[in-house]
Structures are given as C-alpha cells and as structure tokens.
Amino acid sequence: MDEQQQHLRYLIIDDFDQMRVSFKGMLSCYGATDVTTVSSGEKALKLLANNSYDVVICDYNLGEGKDGQQVLEESRHLGYLGHAATFFMITAESNMPMVMSALEHQPDDYMVKPINRDVLHHRLTVALKRKRQLKEIDDALVRDDKLAAIELCRGRSGKDLKQRLYLAKLQAELCLDIKRYSEAEKIFKEILEIRDFPWARFGLCKIRFLSADYESAESGFRELIEQNHLYLEVYDWLVKLLQARDETLEAQRLLQDAVQLSPKAVARQRKLGKLAAVNGDIDGAEKAYQAAIRWGRYSCFAKAIEYRRLAEIYQERGSISKVVRLLVEGRKRFSAQPVERIQMLCGQALSQRRHQGTGAVVDDYLEEVMRLIDTHKKDMTAEHLFTTADECFQLAKHEEAKQLLQILLSNHHDDDKWVERVTELMLRHGRENEVAQLMTIARGELEEIHVKCTELLRNERLQQAITLLNEAIDQYPRNRTLMLMAAGAMINYMHDNGMDQGYHFRCRYSLNRLLERDRQDQDAGRFLKMLNKITPSRVEESVGGQYG
Amino acid sequence: MDNMDKAGDAINLTSAFAMVSHDIKNSLGILLKFIGMLSENCELEQCGMTHQCADMEYEVRRINNNLVKLLTLFKADEGVYLLNVDAHSVKDFLDEALLEHGVILRQKGIEYEVECDHELYWYFDRNLMMGVMGNAISNALRYTSDRIRLTAEASPRGLAIGVEDNGDGFPAGMLERQSGVMNPESGFLNNNTGLGLYFTQTVLDLHQHDGIRGHVKLANHADQSGGIFSILLP
C-alpha cells in the first residue's frame, strides 16, 4: 500500500463480526490506520452523515435491515458520499440484480467473496487510480454541471479502452438527461456496433419512448426484460410507457413482478400501491403501501403519501384504531421533514375532525402546518400546496386555504392547468366568487415585475433586468415565466459579453429544473440548446472506432 | 425469507441444490478467512505448518471454485445468467487471477510471471472469466514443479490467453479426448478436468460475438516439459 492509501479513512460495513475483523486486519496489514467498522446499514448511514470517508467497503447482504445497495443509494442521495469517495460492494455471487441498476446507483467496483488481502489491495489500487483520473468529471457532477461533465467526457477520449467506454456511457446518459437525444442516440448506436451491451439498447429504447415512439420502445423494453429478467430499471420505464397508454392493469402486473424481485425499493412499492388503487385492487394497494412503509422506516426515500393512503384504506374498512396509530407513527417518522410532516398533520387533523369533531387539537395541527409552510415555502411543490389547501377547506379553514392557493398561483400564474385546477377547487368549496380576486393579486404582482423588466430592457439595462428577475425568482422559486425570462436575458447577455460563470450556473440550474418538471417543455429545451451553443465546446467529433 | 412460504410446495431438487450451494459458499468464505489468518500466523512464527496451511487453502479454494462452476453452469442452463460485459485491462485481470492464489504461490515457493501488454484491453465478464482462470491456475498449481506463466495476446479472432506450467504435462489420453468435451457420451465429463473444460467452453460461448465462438485447448510444450491451457476469447 503506498503512503497515500495508508492515510485514507476507511469504513467497513458487514454484519458478520469475523468479516469485519478480517477486512480490518487486511487493511492494517498494508499500513492503513484509520479503519472504522460497523455492523448494519442503519448505523453506517449515521456514521456517513457525520464523518467523511475515502473508501467504503460494504457487504451487499447485511441481514435484517437495509442492504448494501440501499446504503449506497441513500448515502449518495443524501450527499453523504461525494463522488470523491470510493465505494466497494462485496457480494457472495457475481450475478446480482444491482449490476443492472442505473449508473448513478452503481458502486465503483464489485468484489466477489472470498477476498484475500492481495486481491483487496490490488483492487483498491486500481480503483483509486481510476478515481483520480476521473476527478474533474466527478467534481462537475457534484456541481450538477452536466454540460461541463459532457465536455470533459468528450475531451477524455484518449485514455484507455475501459475509461473510453465508461465516459461514452456517462456522456450518453447525461445527454439523455438534458434532452440532447440525437447526441445520445449516436453514442449508443456506436457502442452497439462494438458489442451488444444491454444498457446501450436500453438507452435507445428510452430515447424512443421520450420521442413518443411507444410501439418500438415497448418491444425493446420487453425484449430487454426477457433477456435480463433482473434488469429492474427497464420495468420502471415500461410501466411509465404503459401508464402513458392507460394500460394500468398490465402496468400493475409488471410492477408486481419487479417488486417481487426486489422488495426493498420504497418508491416502486409506493407506485405499485397507487396503480393497484387505480385498478380498484384495494388489497393489493394495502399490501404495497404497507411494504413501502416497512422498508421506508429507516429510509430517506419514505414519503407521507404511503401513510396517508394506507390510512384511507383503513378508514374505508372502519379500522379507526389502526388509522390513528398509523397517523401518529407517520407524524413522528417525519419530524425532521417539514413537507412530509405537513401532510401527516393534515391527515391527523382530518381524522380528528371526522371522529371527534372540531376542537383545539385541530387548531393546533393547523397552526403548525401554516408555520411550517411559511418557513419552507421553497420546498413545497404546487401539488403539495394544492392538496393541503383542499384539506384546509375540508377542515373549514378557508383563510388558510386561500393563503396557500395564493402562494401556488404566484408561482404558477402562467400555467393554465393550475389556474384551472384552483378555480375548480374553489368552485367545489363554494368560493367561486373569490377566484378572480386570487388571480388578480397573483397576476398583478408578476405584471409589475414584467413591466419593470421590459422598461429596463428597452433602455438596454440588461444586467439590471437580470438582477430584478433573479430576485423575483428567489421569491417565487417555481415560476416558469420568470425562470424563462431570466434565462433568456442571461443567455443574451453572455452571447454579447462572453461567459459569466454565475449566470451560466443559474441559467442551467433553472432550465434543468424546468425540464425535470416537464421533459417536453419546448421553451426550456430551446433555451438549453441556445445555452449549449454559447458554451465553448469542441467540434463534435466522431467517437466511433475508439472502442475496438 | 419472504419467498419461502410461496416456494413451500414448489421446492424442487434444482432450487434446493442452488440454495444449499450458496450456503456452502458462504461457509467456505468464512473458512478461507480463518485459514488466511492461520497462514499469516504461521508465516510470522515460522511454525513449520506453512505447507499444511497452503494445502488446506488450496483444497478449500478448489471446493469453492467447483461450486462457482456448478452455480454458473446451473444459471447458464436455466438461461438466467446475466452477462456483465465491460472493458477490462487484461494485465490487471491476470495479475488479480494470480493474486487470488497469492498465499499458496508464496508458501510453495512457486515462481510466476505474467506476459501481457499493459495497454491491452478486452471486453468480457470479469467474474465469469475469473472463474475460468481460477480453474486453470488451480490445475497448473497442482501439477507444476516450480513455475507458472500467464500469457495474453490479441489476435483478429480474439484474445488468446495461456496458462503454462513446467510439470509433467497433460497425459496423452486426456489430450486425445479433449475434443469430446461438448459431447456427453465421450465420458470425458466424468472427471474434474472434463468439468473444468466444459465450464470454460460454456463461459466462452456466453461471450460469443460477431458469430465467432471461443475455444479452449490443452497441449504440452514441445521442447520442454509442462502443460499449456489455452483459450481464445472472442
């Protein structure tokens, strides 16, 4: 072990005492001094939250609680594990479903047991070297700077074959993310010329789906599943496709297969619950939501929605004590996640009102809801605000409901879908005569910004306009019109005055968020293209013939 | 254990076989750890049992490799093996294949070398091919006098990998019968070498590419003593 490796901080996660001792022994025998060992995924995540490790060695199978894959996904998701940390997954067999998981959910390397110290040392050295070579790209990914990462992927084409293949894959997936379909398609096709890599075929199928070529996408997805029945990510995409065609029965059946193969994935269980409910399969929904709650108990991917939906099912069945217990558990579960907690509080308030009538308890719940919303406005999506407003109406808390809808409309005054939904909601609760008032306030505020901004632009005070728009965005962080205006203005500025790192970052950030919200957002896509154009880039060269 | 109840009555010999094999594999993993610790102590204290330790590790590793072979063949037969092809440095791969047997090589004082271009990369499923190499190296270790040599070279038809030893070489009968590997009636599959070759061929077949099929060959050195196990990986 060279000196650099000796000074790294190691974390070993294994439920077997013997294995922990053995790994620690192997590392110390090469001179490593900072080695921590831990016996479960839950404990590991706590350690990861409060310490930084350079190398994590984690057994896939950790017994009762979380498995190694969950530790990896959650620690990456929560930002505990920067791209700089090297993650090794230890498996008992080589053929595991996680091999087929998405790129961002893959460890840096897999090691199959039994492992001796010579092999461990060899693998460490190779992986750490690779990590160093890819540092710049990792940094870009941590910054969410996809364009820079794509550029770096292109620039690094001269390294060895293994790296070229990895970079091509990364580049293609990043291009897919930012809707550069033709570039992604070109890479996938070139890769398929070399070998029949399932992930490259999967990439092409995704592009077909995203371009609404459902028929050919479906046959592609199905073929992939037939050949690799453990390729779980494909199930998720096929389900998306089936839902887009309203084939919910088939979607549920497929998701059930996926869940059986890997029951611990919370998001998939939740989705299954939702689909089962849509299909009127209440028993199926109950089972799925229960599983989502069970596996989500110590997971960062848990949401209030599974508690609420399951409570509704219990309610329908008249199991009131179960409802109460579940809601209390949920509220405690989300004590540190305001957006989720708000939903649990509303659920409790509704249940309280239904069973014991109104009273001080309901007021207490509502008061906390409003307080939380006020401090966490930025984290509330339109859907959250809408649902909470609806529930406030049901609780006869009209002022609170209107306040929430006001926030919603100020962020989405330009979105007919939301205007329509709010109008419909107000109508449902007998408040149709107040809709116009809400709209006027929301539109008025934004109109004012718009007028000021146009004025500044007319006087060619582009930078001042940008500042004004960015301030407005801070106040209404989800307003599409403002985001597009700001992006347009910043692109214009950079077009005439050259790159500005701060503008570039903000611009890309906004456009990425808009595209995440709606992949088909034409304007955001167009602006992103313009942004790409003014971003200095190499001439697109063919990547073909580099993998042979 | 969730699928236990469901499988309850559907349990059959093949799945029982697979489950038990996994369990044995886990135990072997732990056993190998203990042996590793023993060997280290022996080395440090020069207790005179180093050879026995090396032999013990060799045998346990052999059981493990055989189980891996069985499980892989089982999955390939069921059509559920997920081939995980990636680009790999051949030099790194061969080095690691030898390091798996690091303790035995050291304790038996066997010299080894790897002859391979550092810039050589190839597409393959690393774990599957590690099984093939483990099998070949384990054989070479058993029959060599004191030297093992790994070679790798790219050719238009594939990657040629060789495992050479300087023992007595393969018996003539075995060399003659090797073509019968894929033909169960030859009776060749009845011995362990036969199973090893069958496994190797199965792995190579999983790597079929562009209509090219890999092959495995046993031979003896013409001018010196020793056997050569060679494969061509498409």
Side-chain angles (χ1 to χ4, degrees), chain A residues 16 18-19 21-23 25-26 29 61 64 90-97 99-100 109-123 125-126 129-130 159-166 168-169 193-199 226-231 260-261 263-264 291 547-548, chain B residues 2-3 6 21-23 25-26 28-37 39-40 57 60-61 64 67-68 71-72 75 79-89 92 95-103 105-106 118-128 130-131 207-210 234:
Chain A
F16 274 103
Q18 277 309 326
M19 293 309 244
V21 173
S22 159
F23 272 120
M26 287 193 267
C29 133
N61 199 336
E64 283 297 295
I90 310 292
T91 67
E93 53 172 331
S94 57
N95 216 217
M96 304 291 283
V99 173
M100 292 296 173
D109 201 1
Y110 295 96
M111 288 195 258
V112 182
K113 287 191 273 196
I115 300 148
N116 67 26
R117 65 163 198 235
D118 300 309
V119 172
L120 178 69
H121 179 229
H122 184 249
R123 283 289 187 93
T125 311
V126 172
K129 189 176 132 209
R130 257 171 69 72
K159 289 270 174 190
D160 64 59
L161 184 69
K162 190 179 179 70
Q163 228 183 68
R164 281 207 296 277
L165 185 66
Y166 171 79
K169 183 178 182 180
E193 288 287 304
I194 307 153
R195 293 271 153 151
D196 181 29
F197 290 106
W199 52 264
E226 198 162 304
Q227 289 164 354
N228 312 303
H229 72 292
L230 292 176
Y231 206 155
Q260 212 138 57
L261 290 166
K264 295 186 183 180
Y547 319 102
Chain B
D2 280 348
N3 44 9
K6 187 177 57 74
S21 311
H22 281 300
D23 201 56
K25 237 180 90 49
N26 280 334
L28 288 178
I30 295 170
L31 203 53
L32 273 170
K33 292 279 166 224
F34 283 130
I35 296 173
M37 286 157 140
S39 305
E40 254 163 53
E57 176 169 342
V60 176
R61 228 166 241 288
N64 186 67
L67 269 178
V68 172
L71 283 168
T72 309
K75 280 189 181 167
V80 295
Y81 190 90
L82 301 179
L83 200 63
N84 181 26
V85 174
D86 200 351
H88 298 289
S89 150
D92 278 347
D95 281 345
E96 189 182 317
L98 274 175
L99 288 175
E100 292 243 353
H101 302 267
V103 179
L105 289 165
R106 274 200 298 275
H118 282 256
E119 303 300 308
L120 182 56
Y121 281 76
W122 207 261
Y123 295 103
F124 55 89
D125 181 319
R126 185 173 66 182
N127 289 314
L128 272 188
M130 204 46 96
H207 283 89
Q208 255 186 60
H209 168 64
D210 253 0

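This one's a predicted model, so the numbers in the text were calculated from it and none came from an experiment.
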(request) Please list, chain by chain and in numerical order, all residues satisfying side-chain hydrogen bond (donor to acceptor under 3.5 Å, both in side chains) with B:His88, sequence neighbours excluded. (result)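 Here the qualifying residues are A:Lys162.
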(request) Check each atom of B:Asp92 against the heavy atoms of chain A and say whether the ones under 4.5 Å are side chain, backbone, both or neither. (result)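 Both the backbone and the side chain of B:Asp92 come within 4.5 Å of chain A.
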(message) Report which part of B:His118 has an atom under 4.5 Å of a heavy atom belonging to chain A: side chain, backbone, both, or neither.
(response)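 Neither; nothing under 4.5 Å.
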(request) I would like to know whether A:Asp118 and B:Arg106 meet salt bridge (charged side-chain N to carboxylate O under 4.0 Å, His left out); could you show each step before the answer? (result) CA-CA 12 Å; A:Asp118 300 309; B:Arg106 274 200 298 275; 3.6 Å; yes
What's the spacing between [X] [atom1] and [Y] [atom2] if we round to 0.5 Å?
X        : Y        : atom1 : atom2 : answer
B:Leu99  : A:Ile115 : CG    : CD1   : 13.0 Å
A:Tyr110 : B:Asn127 : OH    : CG    : 10.5 Å
A:Arg195 : B:Asp210 : CZ    : CG    : 7.5 Å
B:Asp86  : A:Leu161 : CG    : CG    : 9.0 Å

(message) Taking B:Arg126 first and then A:Asp109, would you say they form a salt bridge - that is, a charged N and a carboxylate O separated by under 4.0 Å?
(response)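 Looking at B:Arg126 and A:Asp109, the cut-off is met.
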(message) So which atom in B:Glu96 and which in A:Val119 form the shortest heavy-atom distance, rounded to 0.1 Å?
(response)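 The answer is OE2-CG1, 3.7 Å.
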(message) For chain B, which candidate among A:Met19, A:Arg117, A:Gln227 shows the most heavy-atom pairs at distances under 4.5 Å?
(response)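 The option with the most such pairs is A:Arg117.
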(message) Looking at B:Gln208, I want to see if its CD is surrounded by more than 12 non-hydrogen atoms of other residues, nucleotides or ligands under 6.0 Å.
(response)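 Buried by this count: over 12 neighbours within 6.0 Å.
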(message) With side-chain contact (heavy atoms from CB on, under 4.5 Å) as the criterion, how do A:Leu165 and B:Tyr121 come out once you've worked through the C-alpha distance, each side chain's angles and the decisive distance to 0.1 Å?
(response) CA-CA 11 Å; A:Leu165 185 66; B:Tyr121 281 76; over 6 Å; no
(message) Taking side chain as everything from C-beta outward and backbone as N, CA, C, O, which of these in A:Gln163 sits under 4.5 Å from a heavy atom of chain B? Side chain, backbone, both or neither.
(response)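 Contact with chain B involves no heavy atom of A:Gln163 at all.
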(request) Kindly indicate whether the side chain of A:Pro114, heavy atoms from C-beta on, has any atom under 4.5 Å from the side chain of B:Asn64. (result)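 The answer is yes, as the side chains (C-beta and beyond) meet within the 4.5 Å cut-off.
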(message) List the residues meeting salt bridge (Lys or Arg N to Asp or Glu O under 4.0 Å) with A:Asp196, not counting sequence neighbours, and say none if there are none.
(response)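 Applying salt bridge (Lys or Arg N to Asp or Glu O under 4.0 Å) to A:Asp196 gives A:Arg201.
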